[in-house]
Participant: 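Below: one structure in structure tokens.
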Amino acid sequence: MGFIADALARVKPSATIAVTNKARELKAAGRDVIGLGAGEPDFDTPENIKAAAIAAINEGKTKYTAVDGIPELKDAIIAKFKRENGLSYERTEISVGTGGKQVIYNALVATINPGDEVIIPTPYWVSYPDMVLLAGGEPVIVEADKSTFKITAEALEAAITPRTKWFMFNSPSNPSGAAYTRSELKALTDVLVKHPHVWIMSDDMYEHLVYDDFEFTTPAQVEPSLYERTLTVNGVSKAYAMTGWRIGYAGGPAELIKAMAKVQSQSTSNPSSIAQWAAVEALNGRQDFIPKNNEVFKGRRDLVVSMLNQANGLSCPNPEGAFYVFPSCAGTIGKTAPSGKVIGTDEDFVTELLETEGVAVVHGSAFGLGPNFRISYATSTEALEEACTRIQRFCGNLK
């Protein structure tokens with residue numbers, strides 16, 4: 001019996017953070033490394049949002065706030081849900097946490113009993129299954145189609161049991177960038193309507209990062225009868241280039257929101273007061289930089305997809321949203337790297353790529369679907385072009 005809790009033995013550290021750290025170490029050692037591991041925009045936080053934070057500091061808005069958010073931010077979130085998603089909430093139905101990750105964690109801890117099942121489609125954000133395990137639940141993994149990275153209504157139906165508590169849904173997706181159209185989403189909500197004991201957790205963090213006239217929708221909007229058992233999670237990190245500010249939020253039934261506040265009151269208490277005031281400005285202020293940033297992201301996506309598809313043994317679908325691509329490296333399995341090591345898995349592929357060419361990406365099996373790897377294209381176009389050239393060279397040198 002060791003000193004560390006047994007529950008932690010069920011959980012892995014975040015693979016994306018591990019890759020980012022490894023890239024940092026190699027950089028510190030003088031290696032020329034291009035890190036494509038971290039999912040954060042390279043744009044700076046917009047000036048009006050920074051100004052709102054500075055004003056909050058100067059006005060002394062630096063004290064404790066209500067545990068799950070200041071009323072002004074809750075009102076800004078209510079207005080956002082109404083304006084952009086057609087969803088109506090009251091203040092008692094809004095939770096603000098330290099990033100979307102905490103909001104999801106609070107919801108799981110507040111609802112899961114030992115043995116409760118949580119359905120998670122592949123490829124999933126690395127933290128979902130581990131958060132479920134930490135909360136004492138059982139992740140039930142549903143395989144997506146390997147070319148679209150989406151699950152079918154039949155696969156969802158087959159995964160539901162009497163013990164299912166939540167269905168976790170993320171569109172546009174981290175890691176694949178895949179986004180469900182309204183009709184694809186409707187097929188899933190039709191299944192969920194038939195199973196009133198299953199709640200829906202919709203992670204909409206990449207809502208504003210969609211391309212080619214894609215229309216974003218969220219489950220409670222597509223199927224209003226699910227509204228009473230849906231937690232719609234979002235945040236300011238990705239669309240507003242505010243990853244380090246750590247503000248996530250959710251709308252859902254008051255009873256659940258109250259339970260989440262209880263968890264938060266005994267763990268972290270309120271999110272930073274200053275970051276909350278910045279988030280008020282993010283949601284209420286000008287939004288014109290979002291389409292501008294998206295144009296840049298779309299150009300980078302097109303560049304990366306095109307260059308990866310020219311690499312030997314790689315095949316990269318064109319995603320609808322987010323800032324990730326999730327190419328398959330199946331065509332490289334069994335080949336020998338310049339180091340003499342045979343590539344047996346996607347993890348071997350990314351390890352050899354980092355050692356040989358100094359390009360850091362995350363292996364797909366960390367997200368539950370391989371042999372693939374994730375590239376974040378939220379970095380400069382020059383860096384992406386150079387990284388893809390190195391990937392092409394690496395693949396070309398496999399024997």
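This one's a predicted model, so the numbers in the text were calculated from it and none came from an experiment.
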Participant: Taking L303's backbone N and O only, do any of them form a donor-acceptor pair with Y377's side chain (distance below 3.5 Å, no angle check)?
Facilitator: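 Between the backbone of L303 and the side chain of Y377 there is no qualifying donor-acceptor contact (under 3.5 Å).
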Participant: Under 3.5 Å, is there a donor on one side chain and an acceptor on the other for W166 and T111?
Facilitator: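 Yes, a side-chain donor-acceptor pair sits under 3.5 Å.
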Participant: Report yes or no: do Q102 and T98 form a side-chain donor-acceptor pair below 3.5 Å?
Facilitator: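 There is such a pair between these side chains.
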Participant: Do K194 and E157 sit within salt-bridge range, that is, some charged N less than 4.0 Å from a carboxylate O?
Facilitator: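 Counted as a salt bridge, because a side-chain N and a carboxylate O are separated by less than 4.0 Å.
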Participant: Whether the T218 and N85 side chains hold a donor-acceptor pair (N or O, under 3.5 Å, no angle test) is what I'd like checked.
Facilitator: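 Short answer, no.
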Participant: Is K74 paired with E93 through a side-chain N to carboxylate O contact shorter than 4.0 Å?
Facilitator: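 No.
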Participant: So that I know where these two stand, are F81 and Y249 an aromatic pair - ring centroids less than 6.0 Å apart?
Facilitator: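 When the ring centroids of F81 and Y249 are compared, they turn out to be within the sub-6.0 Å range.
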Participant: Could you check whether atom NZ of K262 has more than 12 heavy atoms from other residues, nucleotides or ligands sitting under 6.0 Å from it?
Facilitator: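 For K262, atom NZ is not crowded (no more than 12 foreign heavy atoms under 6.0 Å).
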Participant: Can we say R301 and D212 salt-bridge, meaning some charged N sits less than 4.0 Å from an Asp/Glu carboxylate O?
Facilitator: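 Looking at D212 together with R301, the answer is yes, because their closest N to O distance falls below 4.0 Å.
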Participant: Out of Y211, Y324, Y206, F43, which residue meets the ring-ring contact (aromatic ring centres under 6.0 Å, His included) rule with F297?
Facilitator: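 For F297, the ring-ring contact (aromatic ring centres under 6.0 Å, His included) test succeeds with only one of Y211, Y324, Y206, F43, which is F43.
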Participant: Can T65 and Q276 be counted as having a side-chain donor-acceptor contact under 3.5 angstrom?
Facilitator: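 A donor-acceptor contact under 3.5 Å links the two side chains.
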Participant: Do Q310 and S306 pair up side chain to side chain, a donor and an acceptor below 3.5 Å, judged on atom types alone?
Facilitator: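 There is such a pair between these side chains.
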Participant: Any carboxylate oxygen within less than 4.0 angstrom of a Lys/Arg side-chain nitrogen, looking at E184 and K150?
Facilitator: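 Salt bridge present between E184 and K150.
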Participant: State whether a side-chain donor-acceptor pair under 3.5 Å links Y240 with Q287.
Facilitator: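 Judged by distance alone, the side chains do pair up.
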